[in-house]
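Read the structure below first, then the notes.
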Amino acid sequence: MTRLLIIGPPGSGKGTQAQRLSAHLEIVPVSTGDIFRMNVLEQTVLGTEAQRHMDNGDLVPDHLTNDMVRQRLAMPDVEDGFLLDGYPRTLAQVEALDGMLASSGLRLDAVLELSVSDEQVVQRLLARADDRSDDNEEVIRHRLDLYHEQTNAVVSEYAERGLLTTVDGLGPVNDITDRTMTALAMTSIASTR
Ligand code: AMP
């Protein structure tokens, strides 16, 4: 289990779980949200372009996101594995990722979905609203709408491929990490049968 993806609505706790899982599994976390935020801070050309989309709660256009991920996945530190967090979010990104991996003869081993209700998500995001410029209620609701419009199809696609494992994202952080580790262990047992 070395090439993984964690997916879930904004505020599902996927960033936190991605950090913990990648540490447990000793694989590199790759968060597109973090890479975009770093580019915004460093005021790169990509950061300037990405920021206006991020501040409105919109997705950064696919071509920019795909190019950024292509460069990141070409770096040597991810050769032995990675945990993608927040990518792919659209079907076009799924296709781009398939191409990137296939060109090295690779594919994803498993996709973990953190499932949390919309209301729970809104409450959580409002609670951290001071930390991020894209966390006011209107923007949060828009990001959730986009999740349903664009990213649900990504979840369905991986379900059809038999890669999806869904974990209940509600509860104490440690419990959710335990649940995801257990779910992954079951997946790897199933895939070696
Ligand atoms: P996140 O930290 O994953 O919630 O991402 C924060 C913001 O970065 C999102 O609301 C988008 O504006 C942008 N972003 C992150 N990942 C992607 C992606 N895969 N495609 C497009 N935009 C993204």
Kindly list each side-chain donor-acceptor pair under 3.5 angstrom involving residues 5-18, sequence neighbours excluded, with atom names and distances?
unit_1, atom_1, unit_2, atom_2, d
S12, OG, P9, O, 2.8
K14, NZ, D85, OD1, 3.3
Q17, OE1, T177, N, 3.3
Q17, OE1, T177, OG1, 2.7
Q17, NE2, V173, O, 3.2

Check your understanding: Quick one: do R141 and E119 make a salt bridge, cutoff under 4.0 Å?
Key -> yes
Practice item. Applying side chain to side chain contact (heavy atoms under 4.5 Å, CB included), name anything that partners S156, two or more places apart in sequence or on another chain. Key: none
**Study point:** Atom pair OG1 (T32) and CZ (R89), whose distance is rounded to the nearest 0.5 Å
**Key:** 5.5 Å
Check your understanding: With D98, which residues qualify under salt bridge (charged side-chain N to carboxylate O under 4.0 Å, His left out), at least two apart?
Key -> R161
Review point. Taking atom OG1 of T187 and atom CG of L163, what is their separation to the nearest 0.5 Å?
Key: 9.5 Å
Check your understanding: Are the side chain of T44 and the backbone of V40 linked by a donor-acceptor contact shorter than 3.5 Å?
Key -> no
Check your understanding: At what distance, to the nearest 0.5 angstrom, does OG1 of T180 lie from CZ of R20?
Key -> 9.0 Å
Exercise for review: Report yes if the side chains of N56 and H142 come closer than 4.5 Å at any heavy-atom pair, otherwise no.
Suggested key: no
Exercise for review: Just jot down the salt bridge (charged side-chain N to carboxylate O under 4.0 Å, His left out) partners of E160, sequence neighbours excluded, or say none.
Suggested key: none
Exercise for review: Indicate, with yes or no, if M100 and M75 share a hydrophobic cluster defined by side-chain heavy-atom contacts under 4.5 Å among Ile, Leu, Val, Met, Phe, Trp and Tyr.
Suggested key: no
Check your understanding: Closest heavy-atom contact between L114 and G169?
Key -> CD2-CA, 4.2 Å
Review point. Sub-3.5 Å donor-acceptor pair from the side chain of T166 to the main-chain atoms of E113, do we have one?
Key: no
Point to revise | Sequence-distant partners of T90, side chain to side chain contact (heavy atoms under 4.5 Å, CB included), two or more places apart | key: L59, D62, A92, Q93, Q150
Point to revise | Contacts of type side-chain hydrogen bond (donor to acceptor under 3.5 Å, both in side chains), residue D145, not counting sequence neighbours | key: none
Check your understanding: If you look at every heavy atom in G81 and R3, which pair is closest and at what distance?
Key -> N-NH2, 4.3 Å
**Study point:** Within-4.5 Å side-chain heavy-atom neighbours: Q51 and V60
**Key:** no
**Study point:** Taking every non-hydrogen atom, the tightest pair across P29 and Q19
**Key:** CG-OE1, 4.3 Å
Study note, to complete from the structure: Scanning both residues in full, the closest heavy-atom pair of A159 with L164 reads CA-CB, 3.7 Å
Exercise for review: Determine whether L108 and F82 make a side-chain contact, defined as any pair of heavy atoms from C-beta on separated by less than 4.5 Å.
Suggested key: yes
Check your understanding: If we only count heavy atoms from C-beta on, is the V30 to V69 side-chain gap below 4.5 Å?
Key -> no
Study note, to complete from the structure: Sorted by chain and residue number, the side-chain hydrogen bond (donor to acceptor under 3.5 Å, both in side chains) partners of D67 (sequence neighbours excluded) come out as R70
Practice item. May I ask you to test the L112-L4 pair for a side-chain heavy-atom distance under 4.5 Å? Key: no
Review point. Which atom pair, heavy atoms only, marks the closest approach of A183 to V167?
Key: CB-CG2, 3.9 Å
Exercise for review: Kindly work out whether a path of hydrophobic side-chain contacts (I/L/V/M/F/W/Y, heavy atoms less than 4.5 Å apart) joins V78 to M68.
Suggested key: yes
Study note, to complete from the structure: Taken to the nearest 0.5 Å, the spacing of R124 CZ from L126 CG works out to 12.5 Å
Check your understanding: Sequence neighbours excluded, which residues qualify as side-chain hydrogen bond (donor to acceptor under 3.5 Å, both in side chains) partners of S115?
Key -> none
Check your understanding: Is there a side-chain contact between T2 and D80, using heavy atoms and a 4.5 Å cut-off?
Key -> no
Study note, to complete from the structure: To the nearest 0.5 Å, atom OG1 of T48 lies from atom CG of N39 at 9.0 Å
Practice item. Flag yes if L64 and L146 sit in one hydrophobic cluster, no otherwise; membership is Ile, Leu, Val, Met, Phe, Trp, Tyr, and two members link when side-chain heavy atoms are under 4.5 Å apart. Key: no
**Study point:** Side-chain cluster (under 4.5 Å, hydrophobic types only) that L170 belongs to, other residues
**Key:** none
Check your understanding: Do E157 and V154 have side chains that get closer than 4.5 Å, going by heavy atoms?
Key -> no
Practice item. Please name all residues satisfying side-chain hydrogen bond (donor to acceptor under 3.5 Å, both in side chains) with D118, sequence neighbours left out, ordered by chain then number. Key: H148
Check your understanding: With L84, which of V111, L97, V28 fulfils side-chain contact (heavy atoms from CB on, under 4.5 Å)?
Key -> L97
Review point. Can you name the salt bridge (charged side-chain N to carboxylate O under 4.0 Å, His left out) partners of E49, sequence neighbours left out?
Key: R52
**Study point:** L73 side, atom CG; Y87 side, atom OH - distance, nearest 0.5 Å
**Key:** 8.0 Å
Practice item. For D34, check salt bridge (charged side-chain N to carboxylate O under 4.0 Å, His left out) against everything at least two apart and list the hits. Key: R37
